[in-house]
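To start, the structure under review is shown below, and the notes come after it.
A quick note: this is a predicted structure, and the numbers were derived from the prediction, not measured.
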Amino acid sequence: MTTDSVPAAALAGAWRLDAYVDVTDGAVGEGPLGPAPAGLLIYTGCGRVSVSMMRTDPDPPAEDRPGTRFMGYAGTWWLVGRQVVHQVEVASHDYLVGTRQVRDLALDGDLLTLSGRTPPGAGPPRRRLLTWRRATGEWR
């Protein structure tokens, strides 16, 4: 289902993170949570969202600091065409609280791809690309 709009009911449920990468000038690189992040994204049918993601690599880079191993937030969500908007109410990082996180979305069966651009002034222009797979009862 990669049409111009996605029905909200198609997103409702739980999703497991398959990949989280940065794309800069066409080059794909490791995302902020390392080479093999884990995550869970939950969309409820009544418009609530919760996302939790973490690093899983046993030997993180030396620059790994507290607050860079986990990120999460929760709030409300709605669709606008081919984008999903997350209105953040609580978050692991203070700067996210009260913000709207807008993500381009593509849904193809049980595979959900969300992407967003870095805001102006937040370093080099890049896209963050997150690939989620509809969760089953089993973990990885």
Side-chain angles (χ1 to χ4, degrees):
M1 179 178 306
T2 55
T3 60
D4 285 336
S5 64
V6 173
L11 290 185
W15 301 83
R16 294 203 189 278
L17 186 63
D18 264 4
Y20 186 178
V21 298
D22 280 346
V23 180
T24 307
D25 296 326
V28 177
E30 187 175 291
L33 295 176
L40 184 64
L41 169 64
I42 300 171
Y43 288 117
T44 70
C46 64
R48 305 302 281 174
V49 62
S50 179
V51 60
S52 298
M53 298 182 293
M54 63 180 271
R55 291 186 83 100
T56 63
D57 45 329
D59 298 313
E63 68 271 8
D64 188 38
R65 303 172 306 285
T68 61
R69 294 197 59 80
F70 175 84
M71 78 79 55
Y73 63 78
T76 58
W77 73 278
W78 62 92
L79 293 171
V80 178
R82 290 176 33 175
Q83 294 182 316
V84 61
V85 180
H86 298 165
Q87 178 69 45
V88 180
E89 295 176 10
V90 297
S92 59
H93 301 304
D94 293 346
Y95 66 87
L96 288 172
V97 175
T99 65
R100 286 186 176 172
Q101 301 296 309
V102 179
R103 304 289 182 254
D104 295 333
L105 75 89
L107 181 61
D108 187 7
D110 287 339
L111 196 64
L112 171 65
T113 303
L114 301 177
S115 64
R117 293 171 190 81
T118 54
R126 68 177 177 255
R127 287 184 71 75
R128 292 228 156 124
L129 187 66
L130 294 93
T131 306
W132 301 87
R133 187 167 304 279
R134 191 170 295 278
T136 62
E138 298 179 19
W139 184 252
R140 291 188 186 207

Problem - Nearest heavy-atom neighbours spanning Ala91 and Tyr73 - result: CB-CB, 3.7 Å
Exercise for the section: Determine, using the 4.5 Å side-chain heavy-atom cutoff (strictly less than), whether Leu96 and Val51 are members of one ILVMFWY cluster. Expected result: yes
Handout entry: Thr56 side-chain N/O to Ala36 backbone N/O, donor-acceptor pair under 3.5 Å
Key = yes
Exercise for the section: Flag the pair Met71 / Ser52 as yes when at least one side-chain heavy-atom distance between them is below 4.5 Å, and no otherwise. Expected result: no
Exercise for the section: Answer yes or no: is there a side-chain heavy-atom contact under 4.5 Å between Glu89 and Thr76? Expected result: yes
Practice task
Look up atom CZ in Arg117 and atom CZ in Arg126, then write down how far apart they are to the nearest 0.5 Å.
Solution key: 13.5 Å
Handout entry: Over all atoms of both residues, closest heavy-atom pair of Ala10 and Leu107
Key = CB-CD2, 3.6 Å
Handout entry: Note, Asp18 side chain near Leu111 side chain (heavy atom, < 4.5 Å)
Key = yes
Practice task
Look at the side chain of Trp77 and the backbone N and O of Arg48, then say whether any donor-acceptor pair between them is shorter than 3.5 Å.
Solution key: yes
Exercise for the section: Could you please spell out the steps behind the side-chain contact (heavy atoms from CB on, under 4.5 Å) verdict for Leu105 and Leu79? Expected result: CA-CA 10 Å; Leu105 75 89; Leu79 293 171; 3.5 Å; yes
Exercise for the section: Would you mind reporting whether Trp78 and Gln87 have side-chain heavy atoms less than 4.5 Å apart? Expected result: yes
Problem - Val80 and Val102, any side-chain heavy atoms less than 4.5 Å apart - result: no
Exercise for the section: Determine the sole option in Asp25, Asp104, Asp22 for which the salt bridge (Lys or Arg N to Asp or Glu O under 4.0 Å) test with Arg127 is passed. Expected result: Asp104
Practice task
State yes or no: do Tyr95 and Leu33 share one hydrophobic cluster built from I, L, V, M, F, W and Y residues joined by side-chain heavy-atom distances below 4.5 Å, directly or via other members?
Solution key: yes
Problem - Interatomic distance, Arg16 atom CZ to Met53 atom CE [nearest 0.5 angstrom] - result: 14.5 Å
Handout entry: Cluster overlap Val90 with Val97, hydrophobic side-chain contacts below 4.5 Å
Key = no
Practice task
Compare every heavy atom of Pro35 with every heavy atom of Arg55, then report the nearest pair and how far apart it is.
Solution key: NH2-CD, 4.2 Å
Practice task
Return yes if some donor-acceptor pair links the side-chain N/O of Ser50 with the main-chain N/O of Ile42 below 3.5 Å, else return no.
Solution key: no
Practice task
Of all the heavy-atom pairs spanning Tyr43 and Leu112, show the shortest one and how long it is.
Solution key: CE1-CD2, 4.1 Å
Problem - Heavy-atom check, side chain of Leu41 versus side chain of Leu130, under 4.5 Å - result: no
Completion exercise
Rounding to 0.5 Å, atoms CZ (Arg69) and CE (Met54) come to a distance of 6.5 Å
Handout entry: Verdict with reasoning, Val85 to Gln101, per side-chain contact (heavy atoms from CB on, under 4.5 Å)
Key = CA-CA 6 Å; Val85 180; Gln101 301 296 309; over 6 Å; no
Practice task
Carefully, step by step, assess Trp15 and Leu114 under the rule side-chain contact (heavy atoms from CB on, under 4.5 Å).
Solution key: CA-CA 12 Å; Trp15 301 83; Leu114 301 177; over 6 Å; no
